[in-house]
Structure formats: structure tokens, C-alpha cells
2 protein chains.
Amino acid sequence: MPHDTPHAEACPGCQTPDLAFAQHDHGHCSTDALARAEALAVARGVRLTPVRRRVLEILLEEHKAMGAYDVLTRLAAEGFGNQPPVAYRALEFLEDQGFAHRICRLNAFTACMHPGEDHAPAFLICRVCDTVAEAPAAPVMAALTKAAAQSGFVIERANIEALGLCPACAGTA
Amino acid sequence: MPHDTPHAEACPGCQTPDLAFAQHDHGHCSTDALARAEALAVARGVRLTPVRRRVLEILLEEHKAMGAYDVLTRLAAEGFGNQPPVAYRALEFLEDQGFAHRICRLNAFTACMHPGEDHAPAFLICRVCDTVAEAPAAPVMAALTKAAAQSGFVIERANIEALGLCPACAGTA
DNA sequence: GATATGTATGTGATACTATAACACGTCAAG
DNA sequence: CTTGACGTGTTATAGTATCACATACATATC
Ligand SMILES: [Zn+2]
Ligand SMILES: [Zn+2]
Ligand SMILES: [Zn+2]
Ligand SMILES: [Zn+2]
């Protein structure tokens, strides 16, 4: 699922979403996603304030999901507020804007690796190393929409979360 | 997704899983699922004790998801223990045995309408009437498994939960 | 039948996750 | 300058889930 920007061609991580599981230049993932989020925020007239931006940066540090309280601890250590709403509000903003996703199963949040793209993500969660990858789920959503339609149900939002073993951890075992 | 028992032919709910959204003889859903769970428990040598059985009955009362504390309140009113572990332990047992499912997104649990069948369920949750239907998701799982395999990820368990409008509520709006 | 063993339940305490409600500061529009 | 919308900080509280230990009960063994 490549970008629609010129940048896409130069970005292995963007052309291989599931790079999350492979060795890669993660700085690239991170700065790219952040830059795109900033551009989108401007375009939409919403404000990527210091707290919000910092939370996104924290989420972008790794391909993991973080609990709201883990984020909060980091924020507090950096001089931001130290009460739950500080973290939850920033996370809610990021999710509303599609800059982050909630991983229901883990009660946790992860940065979106494809902000701005109209994507229906499925999450692959390694139960050993906790890495979370965002897999392209268009075919999955299509199948799900079809199954729902058979009983007349109209889907508005879907959570697709898979737990299992990433290539590295499957290999070790 | 009909049963593999003779009963299947006589059971509209079993042949039309998404009957959850339609008017139907719910007593049938309920007694059937309970009977099948009992048989499975015997076959597996596990014990469907009074608490566990009662929790399953409570979940079976409606095609809804119930929070652990809602279940606990009911249990307590009936003379069982009134502390959280009582409910959580029974719910965990039911989930382990495939007699109930956890709906992550709602922090809630719902009775399985197809106990014993090897099913990969997707849940259709109506955001208006709160009805939860268990849709056959074999094609969805197939698509998901395929997407995961492309990055070498091996899926062990998946949560597929869709939020939207059931036929009735979509019609009203 | 008595004893031992594993399993299930009851209970108190505690940890973890999330939201409500209100005060204060900032900034831009009128 | 005033107003109103928005974002943040803070207190308090609600909701979800697990730990740890004691007790009871079933089954298996002797
Ligand atoms: Zn990366
Ligand atoms: Zn892994
Ligand atoms: Zn029914
Ligand atoms: Zn089921």
C-alpha cells in the first residue's frame, strides 16, 4: 500500500507495510509518519499541539502498542500534566485524526503507519515480542462487509486484531 | 453454518446464524446452545458447575453482550458469590471451552451460538439496539490469514468485531 | 470408610483502565 | 475589550480485571 506522494518510491517501509517485523531503518518510519501527520493537521485545520505531537512521537518510537498510562508516565516525566485525561485526550485526538489506532485487545494504542491513506487496517500482534504490524486489510474488510450484508447488517467501523507469532519469533521456536 | 447433529434441520436459528437480528423463537437458541454445551462438557470431562451453567444461561437470555459486573450482579442476587473473581472465573471457563466469546470492544461477553462447531466468528454489533450477532467468518479469516502470511506472520487467534447498524435499526433511521 | 489430591468457590484486597466535572489559560473573531 | 471556542491541568470517581489466600467439595487411593 504505497503512498500517493513522490516520497513513496524511496520508502521501503511504506511499500512493505509489514516491515514492522523486519530489520529496517525505523527512523524513516517514524519521521515520515510524523511529517505526514503534521501536513494533514495543517490541511485539516486541526492543531497538533505539543502534547499531541509528543504523544505521537512516543507511539512512533517502536512498532509496539502502548497503554495510556505508559504514555502518561512519559509525558509526566517531561513536564506535561500527570493525570490520565492528559494522555487520553491526546490519544483520542490522534485516533480521531487517524494518526493512531486503538488496539482493543491490549487496551493500548499504536501509531498509524499510513496516516492519510484511506485504510482499513488489520493488526498483527506478536504475543512473544509484542510487535504490532498494521497489515493491509482491504480484502479482509471486503469479505467481512459481504458476510455482514448477508444478514442486512451495515458496517460502520471494524476492529480486526490477530494474535500470533511474527516471523522472527516463529523461527526461534 | 448448520450443526452436524440431526437437530440442525429443525433449527432455523442454527441454519441462519444472523437470525439474531430477526424475530425468532429465542427459547430455541437458548435451550439448544445450553444442551450442546452440556454435552460437550461431559464429552471433554470438564465440569459445567452450577455457577458456570448459570452464567451461560444468563448470557443466553438475549443476543447481547454483558459485562462481567452485570453477570456478577445477577449471580449475587441468586445467592452465588458477589466478588469479581466469581464472574470472571466462570466467564473464562466458558470462553476456554468455546461456550462464550469475549467482545473486546465492549469489554463484555456473549454466549456462543454454535458451541462445538469449529468456527471463526465475526461479531456484528448494532450500536443502536446493542444486539450482537455471530456471523460466519471463514472467508474473512481466510483473507486475514493470507494477508498475514504475506509478511510471514502466523495467526493463532483473531478478534473480528464490526460496529454498525442491524437491519431493523438501519430501517428505522 | 479414612486419607490424600486436585479442582472449584468464596472473600478481601489491590491493580489497571477510563471518564466526569470544573478551573484556568490562550487565541482569534467580533 | 469582550466574547467564545479550544486546549490543558487537576481533582475525583467510575468501571474493568487480577492476585492471594482460605475453604469446600469432588474424586481417587488405600
Ligand atoms: Zn519501523
Ligand atoms: Zn515477534
Ligand atoms: Zn435467539
Ligand atoms: Zn461462537
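Numbers restart at 1 for each chain; the letters A, B, ... are given by sequence-line order, proteins then strands.
- In this structure, the side chains of B:Leu163 and A:Asn159 stay at 4.5 Å or more apart for every pair of heavy atoms.
- For B:Glu134 (side chain) and B:Phe123 (main-chain N/O), no donor-acceptor pair under 3.5 Å exists by modelled atom type.
- For an aromatic pair to be called close, the ring centres must be under 6.0 Å apart, and B:His114 with B:His101 fails this.
- Atom CG of B:Leu75 and atom C1' of C:dA8 are 14 Å apart (whole Å).
- Of all nucleotides in DNA chain D, those with any atom nearer than 4.0 Å to a heavy atom of chain B start and finish, going 5' to 3', at D:dT16 to D:dA20.
- Heavy-atom distances to DNA chain D give each of B:Gly67 and A:Val51 a nearest nucleotide, and the one nearer the 5′ end belongs to A:Val51.
- The existence of a salt bridge linking A:Glu117 and A:Arg36 is confirmed by a sub-4.0 Å separation between a basic side-chain nitrogen and an acidic carboxylate oxygen.
- One atom, CZ of B:Arg52, and another, P of C:dT7, lie 11 Å apart when rounded to the nearest Å.
- Using a 4.5 Å cut-off on side-chain heavy atoms (C-beta onward), B:Ser30 and B:Glu61 make no contact.
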Let me have a per-nucleotide readout for nucleotides 19-30 of chain C, 5' to 3', with B, S or -, counting only protein heavy atoms under 4.0 Å.
-> BBB---------

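- The aromatic rings of A:Phe109 and A:Tyr88 sit perpendicular, their planes meeting at an angle over 60°, well past the 30° parallel limit.
- Using the six-membered ring where Trp is involved, B:Phe93 and B:Phe99 have ring planes that are perpendicular, over 60° apart on the 30 and 60° scheme.
- Between the side chain of A:Thr73 and the main chain of A:Tyr69, a donor-acceptor pair closer than 3.5 Å is present.
- Taking atom CG of residue B:Asn82 and atom P of nucleotide C:dT9, one finds them 15 Å apart after rounding to whole Å.
- Nucleotide C:dT7 holds its P atom 17 Å from the CG atom of B:Leu48, rounded to whole Å.
- One can place CG of B:Asn107 at 10 Å from C1' of C:dA18, the figure rounded to the nearest angstrom.
- Taking atom CG on A:Leu91 and atom P on C:dT17, their separation rounds to 13 Å, with Å as the unit.
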